[in-house]
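Scroll down for the structure; my scribbles are underneath it.
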Amino acid sequence: MRFSKLFAPTLKEAPSDAEIKSHEYLVRGAFIRKVTAGVFNYLPLGKRVLDKIWRIVKEEMDNIGAQEILMPIIQPAELWKMTGRWDDYGPTMMKLYDRHGREFTLGPTHEEVVTFLMKNELSSYKQLPVTVYQIANKYRDELRPRYGLLRGREFVMKDAYSFHSSWESLDEVYQDMRKAYKKIMERTSLRYLVIEAASGAIGGNQSHEFVSLAPIGESNVLYCEKCGYQASDERTPYKGEYEKVGMDEEEKELERVATPNVKTVEQVADFLGVDKKRIVKSLLYVGRKGMVMALIRGELEINEEKLKEVLKDQSLRMATPEEVLEKFGVPIGFIGPVGADDVYIVADHSVKYIKNAVVGGMKEDTHYINANLDRDFKVDEWADIRMLKEGDPCPVCGAPLKATKGIELGHVFKLGTKYSEAMKAYYMDEKGELKPFIMGCYGWGVSRTMAAIVEQYHDDKGIIWPLSVAPFTYIVTVVNMNKKEQVEAGEKIYKALLEAGEEVVIDDRQVTPGIKFNDADLIGFPIRITVGKALKEGKVEVKMRNSSERVKVDFEDEGKLVKVLKEMKESYKPKPKV
RNA sequence: CAGGGGGUAGUUCAGGUGGCAGAACGCCGGAAUCGGGAUCCGGAGGUCGCGGGUUCAAAUCCCGCCCCCCUGACCA
């Protein structure tokens, strides 16, 4: 490719909306351009990188026997209503209507469509298992798209689905997928963790996330250096001791005290001069079955994912102040379990071990002190709904956990029969009985991977692409286009590399050397061949993007030059930033 | 969705007490130059987000709408 012909309008300045390096460099380096919030054009360079990632993902899927298909982006509402996700997933879906007013969605994922497909096409256990996948655009109306390709509203995803007649068969494919995902991580040179994860709105009962390490990542990971435990903070159970707060005291008399305008745990602790641990925090949620109260010890935080799982209700959300006021006639901040008899109460185990607790007074500007379990309030369900943080004990070995952040690239789920039952997708087993398919689903963020790689591979000048995903391997930089000998030498090297089957760009633009060097660094070509003043000695300079070292190589000897270049290519192994 | 900020040249941004539409970079033409976005001369480029209102006069004030960005995710 000739740079003079390449559609690659690089930018000197960072776009005003770029907050992170991958966003800035992908835009400045002419890989992508924003169309509207969370929606991008891929320019030639970006398309080349995307294709390389695409191909790696495709090859790894093909390797484990998954079969590529293509499903529609437009999906009818009826399928989503069958599984209840038209409402559950609702706000995240891009919805549209045809001329008859019939409802559709732009597919945010394809469980419904693929289950519908298999329900009609597979009828016997003899046809199972089957694994299919596609690589296609997905649409999600994110609350707040941001970070360039990391959280878009339109993005490229690989989604695979497997159908089985036994859990053992599902487990085989699940393990194959995990191996394939590890290979994708390795082939894209990403540093990553595999963590146990919450399955969220997708559902199911086992899932692992493949997380690429990055400080700006939105997934919080807890891991144990001692035993190797790795999990999402949303998923990590608390298996430590429960601290006893005042358990050796006498039960004192329940008393309502005035706490004017004192609402938060912090304020209450200050105002009453008590430890936060003595306060029981009461949070109200609204789910499918109405309002639910969740209790936890004052200084701890509630893990909404755990709570959703306990209640088996993915639609759960925090109640608004208005809803709370309407229900109890009491503003938020003064809500507590004493006298909250008509609401279902879920409490974290930590609440069990507080005597003479402080709770909301259920009357504006008051709190109760000396509230005691059973005597003053009841709990309908005990559960572990605590959010763990760094330093909390590892659930496996008890050592203090470490925290880090990452970008979720892959997610594998054992779905079980959630979708097949909801959609009556049955096959006939050996005994002639109808059984719902046992299913797995496996997602990979293809376009997001591009941003994740840049997050790990860049410096203050631009991107440092690993070879496997670089848009081109080499750039031949002709320093002075007015010098015939430089142009001729550059062309000769360019052609030699093309003939050797290499991916190469020759920078034949009539611009100053500074622009050429800076663009080469910004775009991130792994190897640069500079044709300039060293030509007087019959040499060119070769430099790898991840090093400042320049090697002088005789250019007249093409065989030797190509050999040296290929050797440098072999040894090019940029170091990730994390 | 809530709160905040913003929308002016291709980009990054000034102007905003109402009175001729601005800069830098980029772009086009030219000069000289050619190893890290260098220099000089000349030039093109705008429904000031959209619609309405107030006014002799609106980028500027008022109203409505659209879009973009940031923070948050109701942790009481």
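Each chain gets a letter, A, B and so on, in the order the sequences are listed, and its residues count up from 1.
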Of U71(B), U12(B), G36(B), the nucleotide closest to the side chain of Arg144(A) is U71(B)
Counting only heavy atoms not in Lys575(A) (residues, nucleotides, ligands), do more than 12 fall under 6.0 Å from its NZ? no
Among the nucleotides C75(B), C69(B), U12(B), which one has an atom lying closest to any side-chain atom of Met318(A)? C75(B)
Would you kindly check if the NZ (Lys) or CZ (Arg) of Arg140(A) is within the cone defined by 45 degrees around the ring axis of Phe155(A) and under 6.0 Å from the six-membered ring centre? no
From U71(B), G36(B), G37(B), pick the nucleotide closest to the side chain of Arg528(A)? G36(B)
Checking all strands, does Ala534(A) fall into the base, sugar-phosphate, or nothing category for heavy-atom contacts under 4.0 angstrom? base
Any strand: nucleotide that pairs with G22(B) via Watson-Crick or wobble, under 3.5 Å: C13(B)
Which listed nucleotide (G35(B), C67(B), U12(B)) is nearest to the side chain of Thr36(A)? C67(B)
Looking at Glu541(A) and G35(B), is any side-chain donor or acceptor paired with a base atom of the opposite kind under 3.5 Å? yes
Counting any heavy atom closer than 4.0 Å, what does Leu143(A) reach on the DNA or RNA strands: base, sugar-phosphate only, or nothing? base
Assign Arg28(A) to base, sugar-phosphate, or nothing according to its heavy-atom contacts below 4.0 angstrom with the strands shown. base
So Asn480(A), base contact, sugar-phosphate only, or nothing? Heavy-atom distance under 4.0 Å. base
Starting at CD of Glu19(A) and ending at C1' of C70(B), how long is that distance when rounded to a whole Å? 7 Å
Is the number of heavy atoms from other residues, nucleotides or ligands under 6.0 Å of Gln510(A) CD greater than 12? yes
Tell me, for nucleotides 39-49 of chain B in 5' to 3' order, what letter each nucleotide earns: B for a base near a protein heavy atom under 4.0 Å, S for only sugar-phosphate near one, - for neither? -----------
The nucleotide from A38(B), U11(B), G35(B) with an atom nearest the side chain of Thr530(A) is G35(B)
Side-chain atoms of Lys461(A) come closest, of C13(B), G36(B), A73(B), to G36(B)
Can you find a donor-acceptor N/O pair under 3.5 angstrom joining the side chain of Asp521(A) to the base of G36(B)? yes
Mind calculating the distance between CG (Leu284(A)) and P (C75(B)) to the nearest angstrom? 12 Å
In residues 508-517 of chain A, what residues come within less than 4.0 Å of RNA chain B, judged by heavy atoms? Thr512(A), Pro513(A), Gly514(A), Ile515(A), Phe517(A)
What is the distance, rounded to the nearest whole Å, between atom CD of Glu234(A) and atom C1' of C75(B)? 15 Å
Quick one: which of C68(B), C75(B), G35(B) gets closest to the side chain of Lys34(A)? C68(B)
Residues Lys138(A) and Glu154(A) bridged, charged N to O under 4.0 Å: no
Tell me yes or no: between the side chains of Glu455(A) and His458(A), is some donor less than 3.5 Å from an acceptor? no
Using the ring centroid of each side chain, check whether Phe472(A) and Trp465(A) are separated by less than 6.0 Å. no
First encountered from the 5' end of RNA chain B, between Val262(A) and Leu535(A): Leu535(A)
May I ask you to decide whether Arg153(A) forms a salt bridge with Glu142(A), counting only side-chain N to carboxylate O separations under 4.0 Å? no
How is Arg386(A) classified with respect to the nucleic acid when contacts are heavy atoms under 4.0 Å: base, sugar-phosphate, or nothing? nothing
Classify the side-chain pair Asn372(A)/Lys355(A) by whether it contains a donor and acceptor separated by less than 3.5 Å. no
Polar side chain donor-acceptor pair, Thr10(A) to Asp519(A), under 3.5 angstrom: yes
